[in-house]
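Take a look at the structure below.
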There are 2 protein chains.
Amino acid sequence: MLWGYGVNMKKLEIPEEVKKELREKGGWSNVKKSLPLKEIKEVEKVMKVLSCDTRLRILYALSEQRMCVCMLTELTGCSYSKCSYHLSKLKDAGLIKATRKGNYLIYSLTPFGRSIVRHFKKYKPEVKK
Amino acid sequence: MLWGYGVNMKKLEIPEEVKKELREKGGWSNVKKSLPLKEIKEVEKVMKVLSCDTRLRILYALSEQRMCVCMLTELTGCSYSKCSYHLSKLKDAGLIKATRKGNYLIYSLTPFGRSIVRHFKKYKPEVKK
DNA sequence: TCACCATTTCAAATTTTTTTGAAATTATTC
DNA sequence: GAATAATTTCAAAAAAATTTGAAATGGTGA
């Protein structure tokens, strides 16, 4: 067996072209080891926060200008508590920050948040079916 | 009232600095209208697919080399059906594609998938708490 | 054609995320 | 220092995503 024993595996005869590529890459255990698991976890965290319509709308809006929560509730059609929930997610991920001005909390993008929106606007990924 | 009536709103007196910025941006309705809702929806779809550890591991793995499903089950520790579920999400988003080789389906990245992984590897976003 | 293998599909069970509304916080004004 | 405004927090309810295992599909070779 080429690469150890998998949970669900019987005998394997992987296509020659794939095996060849595998040899060139230094073998299965090498390929397996080179997965950057820690980096992947970090990426996952950020992607989770970005995978929500409401949060993206907030992010795009804040890329235009600073806003207090009442503006964001009006913009997104969300209740305060809902808005607040999403804001906390964005904040935890380091994408936005808030400063207090009297009774108002004014939210704005962090440099990290700004760089993300810039990417989106630049690349506009297209999804096909 | 500056900008219409929100669901939860009483009287508002937004901080002067924010109002000033708002005027410079052409007023509230202008800022509101300029949110690219369609683009945001597209971004959301892709982010949703990318916001999962298993799928990211598959994506990173495929950026190293083509793999059949049995390899991916071994790599991720997932059952076939679980793997298949995640593969279909990645495929629907246009990030990976499959070609059949006898009994085997060999998955690989699309150009779009490749460009995404390239970005991740380049920017390695950091999350702070 | 039959048995077998790699993989997908389906529906039910489980887990995770989001929504809701009421109550708590914090600052402000009188 | 009470009343009020903007916002957050909390716990329960609802919705969405994932996991599971059994059954289906489609290719292969005898």
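We name chains A, B, ... by the order of the sequence lines, and we start the count at 1 in each one.
The nucleotide whose nearest atom lies closest to any side-chain atom of A/Leu105 is, among C/dT19, D/dT8, D/dA17, D/dT8. Of the listed nucleotides (C/dT19, D/dT7, C/dT7), D/dT7 has the atom at the smallest distance from the side chain of A/Cys68. Among the nucleotides D/dT19, D/dG27, C/dT18, the one closest to the side chain of B/Arg100 is D/dG27. Distances from the side chain of B/Val69 to the nucleotides C/dT8, D/dT8, D/dT18 place C/dT8 closest. Distance from the side chain of A/Tyr80 is smallest for D/dT8 among the nucleotides C/dT7, C/dT17, D/dT8. The side chain of A/Leu87 has D/dT8 as its nearest neighbour among D/dT18, C/dT18, D/dT8. Comparing D/dT18, C/dT20, C/dT7 against the side chain of A/Ser81 picks out C/dT20 as the nearest. Nearest to the side-chain atoms of A/Asn103 among the listed nucleotides C/dA27, D/dT18, C/dT7 stands C/dA27. Listed candidates were D/dA22, C/dT18, D/dA6. Nearest to the side chain of A/Arg55 is C/dT18.
Between the CG atom of A/Leu62 and the CG atom of A/Leu90 there is a distance of 8.0 Å, given to the nearest 0.5 Å.
Residues forming a side-chain hydrogen bond (donor to acceptor under 3.5 Å, both in side chains) with A/Glu17 (at least two apart in sequence, or on another chain): B/Arg66, B/Lys101.
Rounded to whole Å, the distance from CD on B/Glu74 to C1' on C/dA6 is 16 Å.
For the residue pair A/Lys121 and A/Ser63, a side-chain donor N or O sits within less than 3.5 Å of a side-chain acceptor on the partner.
Among the heavy atoms of the strands, none lies under 4.0 Å from A/Lys101.
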